[in-house]
Amino acid sequence: MSNSSSLNEFLLLTFSDMWELQLLHISLFLGIYLAALLGNSLIITAVACDHHLHTPMYFFLLNLSVLDLGSISTIVPKSMANSLWGTRAISYSGCAAQVFPVLFLVTAEYCLLTVMAYDCFVAICRPLHYGTLLGSRACVKMAAAAWGTGFLYAVLHTANTFSLPLCEGNVVEQFFCEIPKILKLSSSDSSLREFVVLVVTLSVVFGCFIFIVLSYVQIFTVVLRIPSEQGRHKAFSMSLPHLAVVSLLVSTVLFAYLKPPSLSSPALDLVVAVLYAVVPPAVNPLNYSMRNKELKDALDKMVQWVQYQHQ
């Protein structure tokens, strides 16, 4: 097999060779995609238009919704199109163009979730200093840092991956271009640059993870000391949705990238990839709006306004 300089396309994993199951895959992904588009678009519109939601928490939630829209739009439409047209192919440049935004957006989301953990910590554990620690300028800087970290990491990892010689075929055993599956196509030995990427990856992943864990240890310590049941309920309603989002993303990404080869199988890898790349963008809006009265009120106002305009 020729190396990556003459590789024109990759072949992605299909969900099934049966047309009926391909149709089921298209229908399922289309439903998830439309739910993600609707839910995240509603949150973005509500936060942007309702001045009551112009606070740090909702500013970060707006950024999260933008990242979710971008990540699911990078993966799902191509997968549906391949099933619809009965093909597995994605061009070499198309694969690189898919890898970069996925890495960028998922890494930025992980960093943003770390920032949101800090927001929860300050709101619950340092409420008197909330306005000082999370002013508008500080919020913009923290969001920019999350986006910037995602961008730099994506540049580093994408450049490293696609500069390796890919001599072990062109079959990517995943329904989108995923880094671990592409690296399996490389015959090169570990090099200094791969070690550098690994160090950077572990620094970002575990640095953010440790910060989130420490934040929530302090949050729950304070919450459990709140004497009133209503106060505890309000604190939990603020922190639990975020914790659920973090848990799903971190557990599935770590399992996908760090699981031992003995646990790897096409079916398991596919399910895990769906759980971290496809499900969260559709579930996050529901997760955040279910327990958030302010956001639900803002969404109700939007629905009522739209209904009024069509009368």
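Nothing here was measured: the structure is a model prediction, and the numbers come from that model.
- Note on I75: it clusters hydrophobically with L28, by side-chain heavy-atom contacts below 4.5 Å among ILVMFWY residues.
- C95 pairs with C177 as a disulfide, the SG atoms being under 2.5 Å apart.
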Yes or no on ring-ring contact (aromatic ring centres under 6.0 Å, His included) for F10 and F176, after CA distance, side-chain angles and deciding distance? CA-CA 10 Å; F10 294 97; F176 66 98; over 10 Å; no
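- Not one N or O on the side chain of N40 forms a donor-acceptor pair closer than 3.5 Å with the backbone of D68.
- Atom OG in S247 sits 8.5 Å away from atom OH in Y216 (nearest 0.5 Å).
- For H25 and F29, the distance between ring centers is under 6.0 angstrom.
- No more than 12 heavy atoms of other residues, nucleotides or ligands lie within 6.0 Å of CZ in F151, so this atom counts as exposed by the packing criterion.
- Closest non-hydrogen pair, P101 versus A97, comes out as CD-O, 2.6 Å.
- Atom SG in C125 sits 10.5 Å away from atom CZ in F220 (nearest 0.5 Å).
- Two residues are said to be in side-chain contact when any heavy atoms from C-beta on lie closer than 4.5 Å; V99 and T161 fail this criterion.
- Atom NE2 of H52 is surrounded by 12 or fewer heavy atoms from other residues, nucleotides or ligands within 6.0 Å.
- At least one donor-acceptor pair under 3.5 Å links the side chain of Q174 to the backbone N or O of D269.
- Atom OG1 of T87 sits about 8.5 Å away from atom CG of L12, to the nearest 0.5 Å.
- The closest side-chain heavy-atom distance from L62 to I43 is not below 4.5 Å.
- G70 and T74 make their closest contact through O-OG1, 2.7 Å (heavy atoms, listed as atom of the first residue, atom of the second, distance).
- Using a 4.5 Å cut-off on side-chain heavy atoms (C-beta onward), V172 and L13 make no contact.
- The cluster map of Ile, Leu, Val, Met, Phe, Trp and Tyr, joined by side-chain heavy atoms under 4.5 Å apart, puts I124 and V213 in the same cluster.
- Note that CZ of F59 is 9.0 Å distant from OG of S136, once rounded to the nearest 0.5 Å.
- Judged purely by atom type and a 3.5 angstrom limit, H54 uses its side chain to pair as donor or acceptor with the backbone of A48.
- With 3.5 Å as the limit, one finds no donor-acceptor pair spanning the side chains of Y92 and N170.
- Within a 6.0 Å radius of CD in Q22, other residues, nucleotides and ligands contribute more than 12 heavy atoms.
- Using modelled atom types, one side-chain atom of S163 and one backbone atom of N160 make a donor-acceptor pair closer than 3.5 Å.
- Nearest heavy atom pair, residue A36 against residue P281, reads CB-O, 3.7 Å.
- Here the closest non-hydrogen pair linking P56 and C139 is CB-SG, 3.5 Å.
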message: Applying side-chain contact (heavy atoms from CB on, under 4.5 Å) to T55 and F60, what does each step give before you reach the verdict?
response: CA-CA 9 Å; T55 63; F60 295 135; over 6 Å; no
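- The hydrophobic cluster containing L214 does not contain I219, counting ILVMFWY residues as joined when their side-chain heavy atoms lie under 4.5 angstrom apart, directly or transitively.
- A donor-acceptor pair under 3.5 Å links the side-chain atoms of S65 to the main chain of L61, judged by distance alone.
- We find the CD1-CD distance between I90 and E9 to be 10.0 Å, quoted to the nearest 0.5 Å.
- Checked against a 6.0 Å centroid threshold, the rings of Y110 and Y153 do not count as neighbours.
- Both V155 and L152 are assigned to one and the same hydrophobic cluster, defined by single-linkage of ILVMFWY side chains at heavy-atom distances under 4.5 Å.
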Would you sort out whether Y58 and D50 count as a side-chain contact (heavy atoms from CB on, under 4.5 Å), showing the intermediate values?
CA-CA 10 Å; Y58 295 109; D50 193 327; over 6 Å; no
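- Taking the six-membered ring for Trp and thresholds of 30 and 60 degrees, F209 and F206 have ring planes more than 60 degrees apart, a perpendicular arrangement.
- The backbone N or O of L248 sits less than 3.5 Å from a side-chain atom of S251, completing a donor-acceptor pair.
- For the residue pair I26 and S83, the shortest heavy atom distance occurs at CG1-CB, 3.6 Å.
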TODO: Please assess L84 against M80 for the test side-chain contact (heavy atoms from CB on, under 4.5 Å), listing each intermediate value before the final yes or no.
DONE: CA-CA 6 Å; L84 184 63; M80 289 191 297; over 6 Å; no
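- Across all non-hydrogen atoms, the minimal contact from S73 to Y33 is OG-OH, 3.0 Å.
- Within the 4.5 Å cutoff, side-chain heavy atoms of N284 are placed close to those of E109.
- Here the straight-line distance linking atom CG of L112 with atom OG1 of T107 works out to 12.5 Å at 0.5 Å rounding.
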- Message: Would I72 and I32 count as a side-chain contact (heavy atoms from CB on, under 4.5 Å) here? Give the steps.
- Response: CA-CA 9 Å; I72 197 169; I32 294 174; 4.2 Å; yes
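- Looking at V76 and V278, their side chains come closer than 4.5 Å, going by heavy atoms from C-beta outward.
- L134 places a side-chain heavy atom less than 4.5 Å from the side chain of M142.
- L243 is connected to L224 through a chain of hydrophobic side-chain contacts under 4.5 Å among Ile, Leu, Val, Met, Phe, Trp and Tyr, so both are in one cluster.
- Contact annotation: the side chain of Y130 approaches that of D119 to within less than 4.5 Å [non-hydrogen atoms, C-beta and beyond].
- For the pair S41 and L69, the minimum side-chain heavy-atom distance is below 4.5 Å.
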